[in-house]
Structures are given as C-alpha cells and as structure tokens.
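So the structure is just underneath, and the comments pick up after that.
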Amino acid sequence: METDSTTLALGALAQTTRLDTFRLLVRHEPDGLPAGEIARQLEVPQNTMSAHLGILARAGLVKSERKSRSIIYRADLDTLRALTLFLVKDCCAGKPELCAPLVAELTPCC
C-alpha cells in the first residue's frame with residue numbers, strides 16, 4: 001500500500017459513522033449487509049449512509065454488489081490487511097520481540 005492510498009483510507013475512517021460502518025461490515029464478513037440494514041443498525045438516515053458508503057468505497061475499504069433490488073456492502077479485507085501491514089511493517093526497528101504483544105492480540109481474532 002502506498003502513502004497516498006493509506007492517507008485516503010485513514011481519512012475515510014477518521015469519522016465516527018464511517019468507522020462504525022466499516023467495523024460492522026468486518027463483523028459481517030463474508031456475507032456483507034444491504035445498505036438499508038447498515039443504516040438501520042447504526043441509526044443513520046439512508047441518504048447519509050449512502051454518502052458514507054461512497055467515501056469508504058472510494059478509499060477502497062468496502063466493495064458493493066447488486067443482488068436483486070439491494071446493494072450488498074462488504075469490507076475489503078485485502079485493503080484492511082494492506083493498511084495494517086503498512087502501519088506496522090517497520091514495527092520496533094526489526095526487533096520482533098517488541099511486537100510480540102501486538103501479534104498476540106491479533107492472533108485470536110484472525
């Protein structure tokens with residue numbers, strides 16, 4: 001991941017509703033959720049949610065797929081992985097033992 005795309009992704013997540021949306025979609029992998037259901041669960045008007053989903057999509061954090069009359073949104077886990085790796089790639093100046101607590105925290109969820 002490049003610095004520009006990282007900045008775009010972090011900027012998209014630097015807003016409460018978008019961060020909550022992304023985290024909700026990560027929890028609902030691999031099935032995703034319809035836009036209306038995301039708005040309902042987060043108690044956000046549908047037109048507002050549409051704008052937030054557009055920002056997340058432009059940042060490469062979510063993908064959408066039309067199924068019948070619904071648009072299903074999913075978190076883009078490849079982008080999440082790339083973003084996470086970009087942030088920790090040079091962790092602890094090459095001393096992996098210093099990063100062990102971070103790896104231990106991530107291991108149970110992945």
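FYI, side chains are in, hydrogens and waters are out, and symmetry mates aren't considered; it's all heavy atoms of this structure.
- Between the side chain of Thr21 and the backbone N or O of Thr17, at least one donor-acceptor pair lies under 3.5 Å.
- Taking the side chain as every heavy atom from C-beta outward, Arg18 and Leu13 never approach each other to under 4.5 Å.
- Both Phe86 and Leu77 belong to a single network of hydrophobic side chains, linked directly or stepwise wherever heavy atoms of I, L, V, M, F, W or Y lie under 4.5 Å apart.
- At least one side-chain heavy atom of His52 sits less than 4.5 Å from a side-chain heavy atom of Gln15.
- For Ser50 (side chain) and Gln46 (main-chain N/O), no donor-acceptor pair under 3.5 Å exists by modelled atom type.
- Within the 4.5 Å cutoff, the side chain of Asp76 has no heavy atoms near those of the Val62 side chain.
- The backbone N or O of Ile71 sits nowhere less than 3.5 Å from a side-chain atom of Ser64 that would complete a donor-acceptor pair.
- Taking the side chain as every heavy atom from C-beta outward, Leu61 and Leu80 never approach each other to under 4.5 Å.
- With hydrogens and angles ignored, the 3.5 Å screen pairs no side-chain donor or acceptor of Thr48 with any backbone N or O of Val44.
- Using a 4.0 Å cut-off between charged nitrogen and carboxylate oxygen, Asp78 and Arg81 count as a salt-bridge pair.
- Side chains of Glu29 and Leu25 form no contact here, defined as non-hydrogen atoms less than 4.5 Å apart.
- Here the side chains of Gln41 and Leu24 are in contact, with some heavy-atom distance below 4.5 Å.
- You'll find the side chain of Ile72 stays beyond 4.5 Å of the side chain of Lys63, heavy atoms only.
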